[in-house]
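Basis for what follows: all heavy atoms, side chains included, without hydrogens, waters or symmetry-related copies. Just so we're on the same page: letters track the sequence lines, and every chain starts at 1. Here the structure is a predicted model, which means the values were calculated and not measured.
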There are 2 protein chains.
Amino acid sequence: MSDNEHTTVRIVDIARMAGVSVATVDRVIHNRGKVSEENLARINEVLRRVDYRPNLIARSLASGRRYTLCAVMPRFDPGEYWADFEAGIARAEAEAVRYNVTVRRFCFDQYDRSSFESLLETLRREEFDGAVIATLFAEMVEPFTRELDARGVPYVFVDSDIPACNRLAYFGTSSFDAGAVAARLLFDRLDPGADIVVGRIVHRGDAGSNQWRNREAGFRSYLEAHAFRGRLHYAALRLDDEACNGRVLDEMFRENPSIAGAVTFNSTCYILAGYLAARRRDGVRLVGYDVIRRNGEMLSAGVVTALVAQRPEAQGYRAVMALCEWLVEGRAPSKVNNMPIDILLKENIPYYKNNII
Amino acid sequence: MSDNEHTTVRIVDIARMAGVSVATVDRVIHNRGKVSEENLARINEVLRRVDYRPNLIARSLASGRRYTLCAVMPRFDPGEYWADFEAGIARAEAEAVRYNVTVRRFCFDQYDRSSFESLLETLRREEFDGAVIATLFAEMVEPFTRELDARGVPYVFVDSDIPACNRLAYFGTSSFDAGAVAARLLFDRLDPGADIVVGRIVHRGDAGSNQWRNREAGFRSYLEAHAFRGRLHYAALRLDDEACNGRVLDEMFRENPSIAGAVTFNSTCYILAGYLAARRRDGVRLVGYDVIRRNGEMLSAGVVTALVAQRPEAQGYRAVMALCEWLVEGRAPSKVNNMPIDILLKENIPYYKNNII
DNA sequence: CTGAAAGCGCTTACAG
DNA sequence: CTGAAAGCGCTTACAG
């Protein structure tokens, strides 16, 4: 007692000070009720006075409480955008095992909205304590979150935000400003009168994502503000049809010889890059998004001028961690977390993936 | 026993399987010796077979082991480079309290080598379990680390690496390549024949840091590789003497009217920026390093063309975490961790500090 | 509404 | 060289 050199105050200390047992203190700390007005007030007073900080390690060890999260995200192959996102999820999961947290992946086909629909059907029958949701199909995410609200399950958005929803947090970039950054990178090195090709992937039944639209708006807004006088030409490209893309682009370049710039608003700029390299159109500046393997190679090769990136690993990591902190410690994250917009050139890309977190 | 649904195997389980007590298993796990050959072999075999993973939470709770780290770094005012670094240290510390880790800051004057010398004298009398060292005064760091080696104290370098030392890890950028990135950003928008001002801070007895020299070498190497034909002019500037700097630069610009670019290799480009803004020399492109407050303001204002940054918070954070993981879990980090080299323009700087980690 | 007691998985004296 | 027992700070039935 006399040589008690505890610097931290524990539940037993609180109990002693308030003249009750540890169980009663525990009830107050967790608002479990069943405590007399009098004890409640007294304990709360002590708690406040000593600025009690629970030892989360001990709590986790004692409670044995397990948390299951789900990550609702597009399926991916190695080297693709969502693979990086998943790496962030995995890293967070590795840290969170300490708190008995596990993350289940639920993947859909980002080019097929019905796959998302049926995934939601599956999720309706699953039990979980929190969710990370990639909001590619915003119209369907919104009603689903109403159900999660009703179930009292917290969820975090990534990719693009839907402010109308009751999300615990959002992690992603400002798509509009990421569009402006791409414009700056392209326009910096372009004659204001040059024309620009905008590569656009066409696939079954997708009207273009939120993100695509917002990036394009930011891009156009920058051009307008900087006296751009050229024209934008939209090229309808296909994911897996090089020959067809070649014909489309050949014609476009033939008809518009003043094209000197190119851009895509999703992560598929390697398609345009492949074309430019094949046709040896060195004079065309190309800017795109995301450091996926194929884009990175084209940047290093000097075919792509610049890439704009959004730290997918950080998005995955922080989304999971936000959920953990909320569930385990009751600590609420900031609602809107606009991540940095990264600029990659040939010179700095070798180091980009060295701080995956 | 029958409905034992433990998915994780604990020390008692190991003990039971090996037919010994938990204390003996503990001895083997921690190589404390005093175990018979026979038991040692048997227990190790079981450990291997079940792929035993200790519960670090329980370990930390039970051992009550405390770790003291020190961070040896330059003193700073708010908004300066090392303030960001310290923020990373603080964030890591907040996470590491779980493992009874605390970090003590030991600061020196980065413009005064004798202050570093006397700091080392202090450190010789201190007890600690690990150190993060900013290697600005490399010549003095090296002999000091021999002493740490002798004491068996692990240390991590930040800022610039000293490969000759026995460091646990290094976190920082490749200064050479960061120099090339600055050159690219400047040169991209410059006539190959234009002249460039290199701002250089002169202060008592500093011959220029490692980092400064390496960045300059990378910068020059890029220029050479890209047919730069202009000249570099070195301007000796002072930290706190605007009037003097003005005179120096006025003369330089008067004598060299073809100067169209400017660069600094440390975080003081706001000095040159202030001059360019005051004299309304809008035509001069300026590139510098580090997103400190004053630089960021000049970038947002359009006076600075681009900043090259090195994630000081991430350096601080990861340096501390590397030490924690090593001490607590015995997990060794990669030795050389070259951090990403970030590029900041007016358009993406607003979001840069949103993912401090 | 309340408290005594066991237990989370590991470590640490202590006695042999 | 070995093991029984207490304890880290918290939670959880359980009995009152």
Checking A/Asp149 against A/Tyr155: is there a side-chain donor and acceptor pair closer than 3.5 Å?
yes

Under a 3.5 Å cutoff, is there a donor and acceptor pairing between the side chains of B/Tyr170 and B/Gln315?
no

Identify whether the distance between the nearest side-chain nitrogen and carboxylate oxygen of A/Arg104 and A/Glu93 falls below 4.0 Å.
no

Between [N] atom [atom2] and [X] atom [atom1], what is the distance in whole Å?
X	N	atom1	atom2	answer
B/Arg66	D/dC8	CZ	P	13 Å
A/Glu38	C/dT2	CD	C1'	13 Å
A/Asn55	D/dG9	CG	C1'	6 Å

So B/Val20, base contact, sugar-phosphate only, or nothing? Heavy-atom distance under 4.0 Å.
sugar-phosphate

Along DNA chain D (nearest heavy atom to each residue), the more 5'-positioned of B/Thr24 and A/Ile11:
B/Thr24

Could you pick out which residue, A/Pro54 or B/Lys34, lies toward the 5' side of DNA chain D when each is mapped onto its nearest nucleotide?
B/Lys34

side-chain hydrogen bond (donor to acceptor under 3.5 Å, both in side chains) against A/Arg32, all qualifying residues, sequence neighbours excluded
A/Asp26

Secondary-structure stems, DNA chain C, at least 3 Watson-Crick or G-U base pairs under 3.5 Å:
C:1-3 with D:14-16, C:5-12 with D:5-12, C:14-16 with D:1-3

Output one line per pair: protein atom, nucleotide atom from nucleotides 12-16 of chain C, and distance, for all N/O pairs under 3.5 Å.
from, atom 1, to, atom 2, distance (Å)
C/dT12, OP2, B/Arg32, NH2, 3.4

